[in-house]
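These values consider heavy atoms only, across backbone and side chains, with no hydrogens, waters or symmetry-generated copies.
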Amino acid sequence: AQIADDIAIQGLAGGANADSPANLFYRPATGEWTVPTGIADALPTGLGYIAYVYDNNLAGSTPLPDTLDIDDLTLREPTTTVAVPVDQGGFTLLGNPFAQGLAVDAIRGDSPGLPGSVQDGLVSPIQVWDDGTGAPEGNADIGTTGSFVSYNLGEGQIVAPWQGFMVQSAADAGAQNVTIPLAARTSATPTIAIFSKNGDESLFRRLSLVLEGPPGSGAQDKSAGLYFHAEATETRDGFDGSKLVPLLSEYVSLGFEAPDASDELLVQDARALTPDAVQRYELNVRAQGLTGELTLRWPERVALPDDWRIELLDRSSGTVVDMSVDSSYSFVLAPGEVATATDVLSAGRALRVQQVSETVGRFRIAVVPAGVVYTSDDLFDVPTEARLDAAAPNPFRGQTTLRFSLPSAQRVRLEIFDALGRRVAIAADETFAAGPNRVAWTGDGLPSGLYFVRLEAAGRVHTRSVTLLR
């Protein structure tokens with residue numbers, strides 16, 4: 001009710017426009033976005049909420065900017081440890097329950113020692129929605145629509161009062177509850193609104209990435225980045241956080257394909273602090289409802305050695321960019337690669353993980369640490385001839401990823417045959433870029449059994465088996 005004193009809350013009994021679509025949601029441990037039943041409801045302590053506000057003076061709204069306030073906030077502050085049920089294996093929107101800063105490194109899940117997790121069953125980074133954060137590098141056309149921003153656990157970040165933040169529970173026995181101890185309350189200056197350099201930089205390195213939308217759109221995504229940590233590995237680990245879909249109808253999005261070949265896009269694919277081999281990343285983009293020139297920037301380096309070589313390959317044009325020398329790269333998606341805008345006020349779409357199949361596999365990044373020997377031919381893992389790799393997962397239920405690599409851009413036909421040699425599906429018949437590629441296959445309508453994937457490229461045929469389980 002106190003929130004409604006300052007902004008129009010609709011779709012709730014007792015609020016303005018109770019019959020209109022709801023514009024306030026919270027996300028309990030069920031993983032489903034929930035609309036409070038009435039304007040007088042009190043949200044559970046420790047949970048955050050999403051409120052969409054309107055920049056007008058209609059139906060109780062106030063033109064922006066506006067200031068939210070709550071009377072006697074310190075009297076409502078908890079005096080004991082706060083325990084919050086969370087969505088196991090998914091995201092939960094938490095909120096700082098204190099009237100002062102919250103040290104996020106002090107929060108804990110309830111799965112101590114769980115492999116592939118941090119802080120007892122959680123996944124780094126946490127993600128914060130930063131709404132209309134301003135234009136980077138003096139470009140007035142960029143940075144006005146907001147973006148998720150990532151903050152890694154273990155870097156000494158301080159969440160400000162009022163601030164909500166997305167916490168991800170690890171899959172497979174991850175946290176079901178998060179504890180926010182009273183000792184996490186701090187008078188230290190909040191860092192959550194900036195790319196903080198707090199923490200022990202001997203434990204991590206970072207290169208931030210920003211994707212900017214077409215000039216005049218104000219669109220941006222600044223949540224993704226390269227991250228190196230003393231406890232990270234090349235396989236899926238506790239620092240490989242999932243990528244959240246922006247809270248916008250029209251947006252640009254940037255993320256990494258997962259090392260386990262799942263269809264879940266990552267906000268970062270963390271690697272070892274000092275790798276002993278070339279590190280390669282598949283960097284995907286999505287533009288929804290926006291056409292025109294996009295720009296990829298890498299504005300901040302933290303603790304990255306100057307003698308590391310970092311290169312970007314545009315898989316569409318073949319252009320290679322030295323990211324240690326240049327600071328940005330502009331490109332255009334083909335008309336068929338731009339998605340249609342959707343209604344952001346649908347509760348079912350308010351927060352979800354971006355899927356690889358929804359994105360365009362536009363870039364590849366190669367990082368060469370000092371002393372690592374390599375050749376220009378294998379920098380981006382481009383083979384000398386077509387190669388069909390093993391499907392993953394295999395065996396599979398629901399969906400598997402068919403993976404293959406090409407020496408150059410060319411047309412590929414991927415067919416599926418059953419054990420009797422009958423063709424039962426065509427997974428792909430189109431042109432793919434040079435280097436690694438992937439195609440999702442569900443096996444819809446087919447029974448359990450052994451199947452054969454047949455790749456035809458440049459007049460040659462390659463075959464692999466895959467097992468479907470029902």
Looking only at atom types and distance, does a side-chain atom of D314 sit under 3.5 Å from a main-chain N or O of G318, one as donor and one as acceptor? no
Beyond-backbone contact of V167 with F91, side-chain heavy atoms, under 4.5 angstrom: no
Side-chain H-bond candidate by donor/acceptor type, Q220 with S147, under 3.5 Å: no
Would you please test V35 and F25 for side chain to side chain contact (heavy atoms under 4.5 Å, CB included) and show each step? CA-CA 5 Å; V35 178; F25 309 95; 3.6 Å; yes
Ring centre gap for F165 and W129 strictly below 6.0 Å: no
Strictly distance-based, threshold 3.5 Å: is any side-chain N or O of N152 a donor or acceptor partner for the main-chain N or O of S124? no
Would you say the side-chain atoms of D120 pair up with the backbone N or O of R108, donor to acceptor, closer than 3.5 Å? no
Mind checking the CD-CG spacing from Q168 to L122? Nearest 0.5 Å is all I need. 9.5 Å
With a sphere of 6.0 Å drawn around CG of D276, does it hold more than 12 non-hydrogen atoms of other residues, nucleotides or ligands? no
Of I126, L94, T191, the one forming a side-chain contact (heavy atoms from CB on, under 4.5 Å) with V104 is I126
Between P214 and L294, what is the shortest heavy-atom contact and its length? CD-CD2, 3.6 Å
What do you reckon, is CG of D307 surrounded by more than 12 foreign heavy atoms closer than 6.0 Å? yes
Does the distance from a Lys or Arg side-chain N to an Asp or Glu carboxylate O, for D429 and R411, drop under 4.0 Å? yes
Report yes or no: do Q288 and T342 form a side-chain donor-acceptor pair below 3.5 Å? yes
Side chains of S223 and V149 in contact at under 4.5 Å (non-hydrogen atoms): no
Distance (rounded to the nearest 0.5 Å) between H229 NE2 and R271 CZ: 15.5 Å
Can you list the steps and then say if Y26 with W33 is a ring-ring contact (aromatic ring centres under 6.0 Å, His included)? CA-CA 6 Å; Y26 70 99; W33 282 101; 8.4 Å; no
Between A219 and L290, which heavy-atom pair has the shortest distance, and what is it? CB-CD1, 3.6 Å
Ion pair check, R387 and E385, cut-off under 4.0 Å: no
Could you tell me whether the side chain of D240 and the main chain of D237 form a donor-acceptor pair under 3.5 Å? yes
Could you walk me through whether R301 and S208 pass the side-chain hydrogen bond (donor to acceptor under 3.5 Å, both in side chains) check? CA-CA 7 Å; R301 296 171 61 109; S208 61; over 6 Å; no
Test side chain to side chain contact (heavy atoms under 4.5 Å, CB included) applied to D130 and K222, step by step: CA-CA 10 Å; D130 196 351; K222 59 179 188 178; 3.9 Å; yes
Nearest heavy-atom approach of D110 to A175 is OD1-CA, 3.3 Å
Output the distance between atom CD1 (I158) and atom CG (D105), rounded to the nearest 0.5 Å. 7.5 Å
Where do P246 and F148 come nearest, in terms of heavy atoms and distance? CA-CE1, 3.9 Å
R364 side-chain N/O to R315 backbone N/O, donor-acceptor pair under 3.5 Å: no
Between S117 and A170, the two heavy atoms sitting closest are CB-CB, 4.0 Å
Atom OG in S111, atom CD in Q88: separation rounded to 0.5 Å? 6.5 Å
K243 bridged to E257 by N-O distance under 4.0 Å: no
Once rounded to the nearest 0.5 Å, what's the spacing between atom CZ of F228 and atom CH2 of W308? 4.5 Å
Under the side-chain hydrogen bond (donor to acceptor under 3.5 Å, both in side chains) criterion, do Q354 and S253 qualify, and how do the steps go? CA-CA 9 Å; Q354 192 92 71; S253 182; 3.2 Å; yes
Note: R236-E264 ion pair, threshold 4.0 Å (strictly below): yes
Tell me whether T92 contacts the main-chain N or O of D87 through its side chain, where contact means a donor paired with an acceptor under 3.5 Å. yes
Please report the interatomic distance OG1(T401) to CG(N394), rounded to the nearest 0.5 Å. 11.0 Å
For R297, is there any backbone N or O sitting under 3.5 Å from a side-chain donor or acceptor partner on S328? no
Are any side-chain N or O atoms of D263 and backbone N or O atoms of Q355, one a donor and one an acceptor, separated by less than 3.5 Å? no
Kindly indicate whether the side chain of L406, heavy atoms from C-beta on, has any atom under 4.5 Å from the side chain of P436. no
What heavy-atom pair brings G445 and R470 nearest, and what distance separates the two atoms? N-NH2, 3.9 Å
Does a side-chain heavy-atom distance below 4.5 Å link N284 with V360? no
Is there side-chain contact between P259 and T235, with at least one heavy-atom pair below 4.5 Å? no
NZ/NE/NH1/NH2 to OD/OE distance under 4.0 Å, R352 and E358: yes
Given side chains that start at C-beta, do those of M323 and I365 come closer than 4.5 Å, heavy atoms only? yes
For a side chain to side chain contact (heavy atoms under 4.5 Å, CB included) check, start with the C-alpha distance between R362 and S316, then their side-chain angles and the critical distance, and finish with the verdict. CA-CA 6 Å; R362 183 63 183 250; S316 178; 3.4 Å; yes
Look only at the side chain of T34 and the backbone of R27, and say whether a donor-acceptor pair between them is shorter than 3.5 Å. no
Main chain of F452, side chain of S465: is a donor-acceptor contact present, judged purely on distance under 3.5 Å? no
ring-ring contact (aromatic ring centres under 6.0 Å, His included) with F363: which of F256, F331, W298? F331
For F239 and F204, what are the C-alpha separation, side-chain angles and deciding distance, and is it a ring-ring contact (aromatic ring centres under 6.0 Å, His included)? CA-CA 11 Å; F239 292 94; F204 70 90; 9.7 Å; no
Is there side-chain contact between L47 and L93, with at least one heavy-atom pair below 4.5 Å? no
Dump the intermediate steps for side chain to side chain contact (heavy atoms under 4.5 Å, CB included) on L254 and V252, then the final yes or no. CA-CA 7 Å; L254 184 71; V252 292; over 6 Å; no
Is there a side-chain contact between L265 and S242, using heavy atoms and a 4.5 Å cut-off? no
